[in-house]
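Written out below as structure tokens is the structure these notes cover.
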Amino acid sequence: MTAQIIDGRAVAATLLGTIARDTAHFTETHGRRPCLAAVLVGDDPASHTYVRMKRTRCAEVGMDSRYIELPTTTTTASLVAEISVLSADPTVDGILLQHPVPDHIDERAAFESIAPGKDVDGVTMHSFAAMAFGGTGFHSCTPGGILRLLDAYDVPLAGRRAVVVGRSPILGKPVGMLLLARDATVTYCHSRTRDVADHVRDADIVVAAVGRPELIRGEWIKEGAVVMDAGYNPGNVGDVEYAGAAERARLITPVPGGVGPMKIAVLLEQTLAAAQSAHSG
Ligand code: NAP
């Protein structure tokens, strides 16, 4: 079997088109554009690139963006104070704290200073609980994007075996929770898991969220499985050995052009939703 490639760029472009149309309607109705505030601490070049891309996409769909750039020496207290001001500002709909922050900052404290209604990147405990309990709240963007891709390709989830390799709070854990909420049978693998290969061999759906190039070997993939590779390693290499996996899978995401483009689309979709809910009562 040769896998069909999941075209994340195309799915994201369709979603961005819908967001642009709905944003224009919002702006016409309320006389202002939705606004995303991006906070960046320090001078990590990759983080600067990510924030620039997000701001460009905001402009493309007709949203405003605000950029708060803070020095590496910023303390947790002053970062929390900056974010709290944005949380209370009625002209800001969504807040994004670019990850990672410098080591001396308590990232959790900074995330928790984002008002839940503006947590469009889905990083607060409130959003995490909403994902776990199926309540009202925003999804962590990459996990939300992975679910939207699975839906775009009509992948059945109920009763299927899903193996998530990785358990980070922004990626592995929430994607497993979203799959569980859709009635998949979910197994998490992590750095202490014995025999990751055996778990993967059993999976109808494999989500790779590790950050180690080609850790998941092609021969581990079950014939006909669906492979979602969220890994992004230097040299445009994913966490799955693509060539080998594509020979066995039914559907597979490429790196780049698979999961990645969905992240910003979900971020903007949630920013618009936050703006709409700010006006709904
Ligand atoms: P992370 O916080 O470093 O977490 C990595 C996870 O992988 C941890 O849970 C770790 O287990 C597990 N792990 C490490 N070595 C392993 C091994 N040998 N076998 C099994 N599990 C192992 O990374 P992250 O932030 O979740 O990111 C993971 C990858 O996704 C990175 O490549 C990142 O660039 C990418 N990413 C992509 C997007 C996107 O939009 N495409 C968004 C976010 C992240 P322990 O918990 O036991 O340490």
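Residues take their numbers from the sequence shown, with the count starting at 1. Whatever order the structure lists them in is the order used to number ligands and atoms, beginning at 1. Values reported hereafter were calculated over all heavy atoms of this structure, with side chains retained and with hydrogens, waters and symmetry mates removed.
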query: Gly211 heavy atoms, cut-off 4.0 Å: which ligand 1 atoms fall inside?
result: 28 (C), 29 (C), 31 (C), 32 (O)

task: Number the atoms of ligand 1 from 1 as they appear, then name those within less than 4.0 Å of a heavy atom of Gly260, with their elements.
output: 41 (N)

- prompt: Relative to each other, are the rings of Phe111 and His99 parallel, tilted or perpendicular (30° and 60° limits)?
  reply: parallel

message: If only side-chain N and O atoms count, and only distance matters, is there a donor-acceptor pair under 3.5 Å linking Thr75 with Ser78?
response: yes

message: I'd like to know if Arg148 and Asp151 make a salt bridge, using a cut-off of under 4.0 Å between side-chain N and carboxylate O.
response: no

statement: The closest protein heavy-atom partner of atom 21 (N) of ligand 1 is His190 C, 3.2 Å

- prompt: Is the shortest N/O to N/O distance between His99 and ligand 1 below 3.5 Å?
  reply: no

message: Are there over 12 heavy-atom neighbours, none belonging to Glu247, within less than 6.0 Å of that residue's CD?
response: no

- prompt: Roughly how far, to the nearest 0.5 Å, is CZ of Phe138 from CD of Glu269?
  reply: 10.0 Å

message: Any carboxylate oxygen within less than 4.0 angstrom of a Lys/Arg side-chain nitrogen, looking at Arg161 and Asp204?
response: no

task: Would you tell me whether Ser127 and Thr124 have side-chain atoms, one donor and one acceptor, within less than 3.5 Å of each other?
output: yes

field: Atoms in ligand 1 flagged as close to Gly166, the criterion being non-hydrogen separation under 4.0 Å
entry: 6 (C), 7 (O), 9 (O)

field: Path from Leu268 to Leu272 over hydrophobic side-chain contacts below 4.5 Å
entry: yes

field: Within-cut-off N or O pair, Lys263 and ligand 1, under 3.5 Å
entry: no

- request: Among all protein heavy atoms, pick out the one at the shortest distance from atom 46 (O) of ligand 1; state its residue, atom name and that distance to 0.1 Å.
  value: Arg167 NE, 2.7 Å

message: Let me confirm one number: the CG-NZ distance from Asp93 to Lys118, rounded to the nearest 0.5 Å.
response: 7.0 Å

task: Taking only heavy atoms of Leu215 into account, list the atoms of ligand 1 that are under 4.0 Å away from them.
output: 18 (N), 19 (N)

Ionic contact status for Asp202 with Lys222, cut-off 4.0 Å: no

Arg66 side chain to Thr91 side chain, donor-acceptor N/O pair below 3.5 angstrom: yes

field: Candidate with minimal heavy-atom separation from atom 23 (O) of ligand 1, of Asp239, Val210, Asp229
entry: Val210

- request: Identify, by atom number and element, the atoms of ligand 1 in contact range of Thr142, meaning under 4.0 Å from any of its heavy atoms.
  value: 38 (C), 39 (C), 40 (O), 42 (C)

statement: In this structure, atom 43 (C) of ligand 1 is nearest to the protein heavy atom Leu171 CD2, 3.9 Å

query: Side chain, backbone, both or neither: which part of Met262 has a heavy atom under 4.0 Å from ligand 1?
result: neither

Top protein contact for atom 24 (P) of ligand 1, by heavy-atom distance: Ser168 OG, 3.7 Å

- prompt: Would you say Arg192 has any N or O atom under 3.5 Å from an N or O of ligand 1, going by distance alone?
  reply: no

field: Arg212: numbered ligand 1 atoms lying under 4.0 Å from its heavy atoms
entry: 15 (N)

task: Note the single closest protein heavy atom to atom 33 (C) of ligand 1, along with its residue, its atom name and the distance in Å.
output: Tyr232 N, 4.2 Å

statement: Contact region, Ser191 to ligand 1, non-hydrogen atoms below 4.0 Å, reads both

query: Atom CD1 of Ile170 and atom OG1 of Thr142: how far apart are they, to the nearest 0.5 Å?
result: 6.5 Å

query: Does Thr193 come within less than 4.0 angstrom of ligand 1, counting non-hydrogen atoms of the residue?
result: no

- prompt: Near Ala230, which atoms of ligand 1 are under 4.0 Å from a heavy atom of that residue?
  reply: 30 (O), 35 (C), 36 (N), 37 (C), 38 (C), 41 (N)

